[in-house]
Amino acid sequence: ETRKDIFQVPDFVGDDCKAIASRVRGAVASKRFDVFHKSSADIITRAVFGVDSESGEPKKELRMKANNLVITSVDIQTVEPVDSRTQESLQRSVQLAIEITTKAQEATA
């Protein structure tokens with residue numbers, strides 16, 4: 001019976017990807033950029049799997065209620081904003097930070 005459940009949802013891959021993406025967006029929206037930049041893999045993993053209330057560690061799996069699909073790992077290939085304006089703003093910020101660091105190093109040299 002439970003093995004059949006996975007196929008009871010017509011687009012289970014798409015639905016499950018949307019659900020996971022929603023969890024990630026929610027977690028990321030609550031973090032400052034510098035915090036997210038330093039800990040993105042941990043933040044994303046905790047968002048996807050949730051956190052064990054006793055240990056404070058990420059749970060080992062995510063079971064989708066609609067179809068009993070079990071997710072046991074995530075492969076984070078890239079982390080970039082979807083919005084082009086945000087992407088451009090981040091690129092300018094990174095470039096500015098590089099310029100400031102370079103000028104500070106030149107000044108002390």
**Student:** Supply the atom-to-atom distance Q91 CD to S84 OG, rounded to the nearest 0.5 angstrom.
**Tutor:** 10.0 Å
**Student:** Is it true that a side-chain atom of S89 and a backbone atom of R85 form a donor plus acceptor pair closer than 3.5 Å?
**Tutor:** no
**Student:** Please enumerate all residues that pass salt bridge (charged side-chain N to carboxylate O under 4.0 Å, His left out) together with R63, with sequence neighbours excluded.
**Tutor:** E61
**Student:** List the atom of T45, the atom of P58, and the distance in Å for their closest heavy-atom pair.
**Tutor:** CG2-CB, 4.1 Å
**Student:** Kindly write out the residues that satisfy side-chain contact (heavy atoms from CB on, under 4.5 Å) with L96, not counting sequence neighbours, or none if the list is empty.
**Tutor:** E99, I100
**Student:** Could you tell me whether the side chain of Q77 reaches within less than 4.5 Å of the side chain of D75, counting heavy atoms only?
**Tutor:** yes
**Student:** Provide the closest heavy-atom pair for F12 versus L69 in the form atom of the first, atom of the second, distance.
**Tutor:** CD1-CD2, 4.4 Å
**Student:** Using 0.5 Å steps for rounding, measure from the CE atom of M64 to the CG atom of L62.
**Tutor:** 5.0 Å
**Student:** State whether the side chain of S39 and the backbone N or O of F36 hold a donor-acceptor pair below 3.5 Å, judged by distance alone.
**Tutor:** no
**Student:** If two hydrophobic side chains count as joined below 4.5 Å and joins carry through other members, does I71 share a cluster with I44?
**Tutor:** yes
**Student:** So does R46 get a backbone contact from the side chain of R23, meaning a donor-acceptor N/O pair under 3.5 Å?
**Tutor:** no
**Student:** Report yes if some heavy atom in the side chain of N67 is under 4.5 Å from a heavy atom in the side chain of D16; otherwise report no.
**Tutor:** yes
**Student:** Using atom types as modelled and distance alone, determine if a side-chain donor or acceptor of T102 lies under 3.5 Å from a backbone N or O of I98.
**Tutor:** yes
**Student:** Which residues satisfy the side-chain hydrogen bond (donor to acceptor under 3.5 Å, both in side chains) test with S55, sequence neighbours excluded?
**Tutor:** D52
**Student:** Are V35 and R32 side-chain neighbours, meaning at least one heavy-atom pair lies under 4.5 Å?
**Tutor:** yes
**Student:** With rounding to the nearest 0.5 angstrom, report the CD1 to CZ distance, I20 to F49.
**Tutor:** 7.5 Å
**Student:** How many angstroms lie between atom NZ of K38 and atom NZ of K31, to the nearest 0.5 angstrom?
**Tutor:** 13.5 Å
**Student:** Please report the shortest heavy-atom distance between A27 and I43, naming the atom on each side.
**Tutor:** CB-CG2, 4.3 Å
**Student:** Output the distance between atom OG (S40) and atom CG (D42), rounded to the nearest 0.5 Å.
**Tutor:** 9.0 Å
